[in-house]
2 protein chains.
Amino acid sequence: MNKELDRKLKSRNIKPTAMRQLVLQVLIDQKTAISLPELEQKFEKADKATLYRTLKTFEENKLIHSIEDGTGAVKYALCHEKCNCYPEDLHVHFLCAKCNQTYCLNEIQIPDINLPYGFLLKSVNMVVKGICFNCKK
Amino acid sequence: MNKELDRKLKSRNIKPTAMRQLVLQVLIDQKTAISLPELEQKFEKADKATLYRTLKTFEENKLIHSIEDGTGAVKYALCHEKCNCYPEDLHVHFLCAKCNQTYCLNEIQIPDINLPYGFLLKSVNMVVKGICFNCKK
DNA sequence: ATAACTTTTGCAACTCAGTTGCACAAATTT
DNA sequence: AAATTTGTGCAACTGAGTTGCAAAAGTTAT
C-alpha cells in the first residue's frame, strides 16, 4: 500500500499487515499521544483486542512509546527514527488539564536524577500537567 | 483513641473517625506508597468504597498525595506536615521493577522544567523506574 | 433529651481499560 | 499443496475505580 508506512514498520522488524498500516497512519497523523480507547474510536469497526496487540507489538519494537499521564488510560506516541527508548532518548510529556491532550515535548530531555545509594535507574516517566498553548489563548 | 492520629487529621481539617484513624495508622506504618487494593488487603473486612472515599478525603485535604507509577493502580503516600502539594513541594518517586514498591524520594526535588512558549505548568509527576536498594543486594 | 439535619459508612451494582483463550484467516515455510 | 507460523476477530473475563442508596453515627437546634 504505502511505501513509507512499510518502510517504518520494517525498520522496526514489524511485518506490515493492513491493520498495522492503518494504525501506524493514525499515529502519524496524530499530533498528540493517543490511548487504546481513543484509537478504537478512530475506526468504524475495529477489534479492541487486535488494536491492543498491535500497540503492544509497536511498543515492544520501539516504534512507539507509552506514557502514563494519570488520566486512567495509557497513551502512545511515535518514537523518532533513531529512538531506542534508553534513558538518554527520553523526553518530557505534557498533559493539558483542560483538553486532556498529551504532548511529547521532544525537545525537552528528562533531567538527570541522582538516586540515593543502592538505587539503579532504568527509565523515567515524567509528566508535566498544566494548560497547553491552545487552551491558554 | 490515638492523640497523634487525631492531631494529624485535625491539622488537615479531617474529622477523626475510627475508620480514618485506622487508615492513617496503616499509612504511617507504611514505608512505601500503597494502592487502594493493597490497602484493602490490610484489613480483615473493609469496604472498598469507604477506603476509596477515605483516601479521596485525605488527598483533597493534602494529608496524602497520589502517585501514578504506571503499575495500573494509583498509589498514595503521606505528605510531610508542611506540604501544600505545590510544585515546590513535589519530590521524585521511585518504582522498583522487581518488588513493585514505590518509594517517595523526599530528598529529591523535581527539577525545574522550561516549558515551550504558551504552556503553563501546574504540577509534575516524575517516576523513576529501576531496581531498589533492597532488590539490588 | 429529642427531633431534625449532616456526615460517614457499608453494600451492591456498574463503568471502563486492559487482557486472555480460542477458533478462524492469512501468510510463510517445507 | 500441505504443514506450520503469525495475525485477527469475537467473547468473556479481571481488576481498579466509581456511584446510588439506605442505614448508622455524629452534630445542631429546639
Side-chain angles (χ1 to χ4, degrees), chain A residues 1 5-6 8-10 12-26 33-61 63-77 95 100-102 125 127, chain B residues 1 5-6 9-10 12-26 33-61 63-77 95 100 102 125 127:
Chain A
M1 229 191 191
L5 294 178
D6 275 26
K8 268 193 157 53
L9 291 168
K10 281 178 188 157
R12 295 294 189 171
N13 289 309
I14 302 165
K15 289 187 202 160
T17 68
M19 194 70 238
R20 287 168 182 172
Q21 289 170 348
L22 289 170
V23 172
L24 178 53
Q25 188 62 64
V26 170
I34 191 173
S35 68
L36 173 56
E38 284 162 356
L39 182 60
E40 257 184 282
Q41 291 174 358
K42 295 267 177 187
F43 296 94
E44 284 291 314
K45 88 176 195 14
D47 179 45
K48 204 176 33 160
T50 303
L51 294 175
Y52 167 74
R53 284 184 279 229
T54 301
L55 289 175
K56 282 285 169 203
T57 303
F58 283 8
E59 190 185 10
E60 274 161 28
N61 293 281
L63 181 59
I64 61 176
H65 59 279
S66 65
I67 308 138
E68 323 270 352
D69 66 4
T71 52
V74 177
K75 289 181 186 165
Y76 299 90
L95 166 66
N100 234 44
Q101 295 297 306
T102 298
N125 183 46
V127 178
Chain B
M1 227 191 193
L5 293 178
D6 276 25
L9 290 168
K10 281 178 188 158
R12 296 292 189 170
N13 289 307
I14 301 164
K15 290 186 202 160
T17 68
M19 194 72 237
R20 288 168 180 170
Q21 289 169 347
L22 289 171
V23 172
L24 178 54
Q25 188 61 63
V26 170
I34 190 172
S35 67
L36 173 56
E38 284 162 357
L39 182 61
E40 257 185 281
Q41 291 175 357
K42 295 267 176 186
F43 296 94
E44 284 291 316
K45 90 176 194 14
D47 179 46
K48 204 175 33 157
T50 303
L51 294 175
Y52 168 73
R53 284 185 278 229
T54 302
L55 288 175
K56 283 284 169 202
T57 303
F58 283 8
E59 189 184 11
E60 273 160 29
N61 293 282
L63 180 59
I64 62 177
H65 59 279
S66 65
I67 308 138
E68 324 269 352
D69 66 3
T71 52
V74 177
K75 289 181 186 166
Y76 299 88
L95 166 66
N100 234 45
T102 298
N125 183 47
V127 178

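What you see is a predicted model, and the numbers here were worked out from it, not measured in a lab. Lettering of chains follows the sequences in order, A, B, ..., and the numbering in each one begins at 1.
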Interatomic distance where CD belongs to B:E38 and P belongs to D:dG17 [whole Å]: 10 Å

Sugar-phosphate only, base, or nothing, as touched by A:A73 at under 4.0 Å among non-hydrogen atoms: sugar-phosphate

Sugar-phosphate, base or nothing in reach of B:K75, heavy atoms under 4.0 Å: nothing

Residue pair B:R20 / B:K15: nearest heavy atoms and the distance that separates them: NH1-O, 2.9 Å

Rounded distance (Å) that lies between atom P of C:dA25 and atom CE of A:M19: 18 Å

B:K48 side chain, from C-beta outward: closest of D:dT19, D:dG7, D:dG17: D:dG17

Spacing of B:L9 atom CG relative to C:dT7 atom C1', expressed in whole Å: 15 Å

Residue B:R53, side-chain atoms from C-beta onward, closest of D:dG20, C:dA17, D:dG7: D:dG20

Nearest-angstrom distance from the residue atom OH of B:Y52 to C1' of C:dA13: 15 Å

Distance-minimising heavy-atom pair for B:M19 and B:T54: CG-OG1, 4.3 Å

Shortest non-hydrogen contact from B:Q21 toward B:L5: O-CD1, 3.7 Å

Separation of atom CD in A:E40 from atom C1' in D:dG9, rounded to whole Å: 13 Å

Nucleotide D:dT18, atom P - distance to CG of B:L39 in whole Å: 15 Å

Among C:dT20, D:dG7, C:dT19, the one nearest A:A49 by side-chain distance: C:dT20

B:K75 versus B:T71, closest heavy-atom pair with distance: CE-OG1, 4.0 Å

Trace of the side chain to side chain contact (heavy atoms under 4.5 Å, CB included) decision for A:L9 with A:F58: CA-CA 9 Å; A:L9 291 168; A:F58 283 8; 3.7 Å; yes

Distance, rounded to the nearest Å, where A:E60 contributes CD and D:dT6 contributes C1': 14 Å

Phosphate contact (D:dG9 OP1 or OP2) by A:K45 side-chain N/O below 4.0 Å: no

Protein-nucleotide distance (A:L55, atom CG; D:dG7, atom P), rounded to Å: 15 Å

First encountered from the 5' end of DNA chain D, between B:P37 and A:T54: A:T54

Phosphate-side-chain proximity, B:K15 and C:dT6, N/O vs OP1/OP2 below 4.0 Å: no

Any B:T17 side-chain N or O less than 4.0 Å from OP1/OP2 of C:dT9: yes

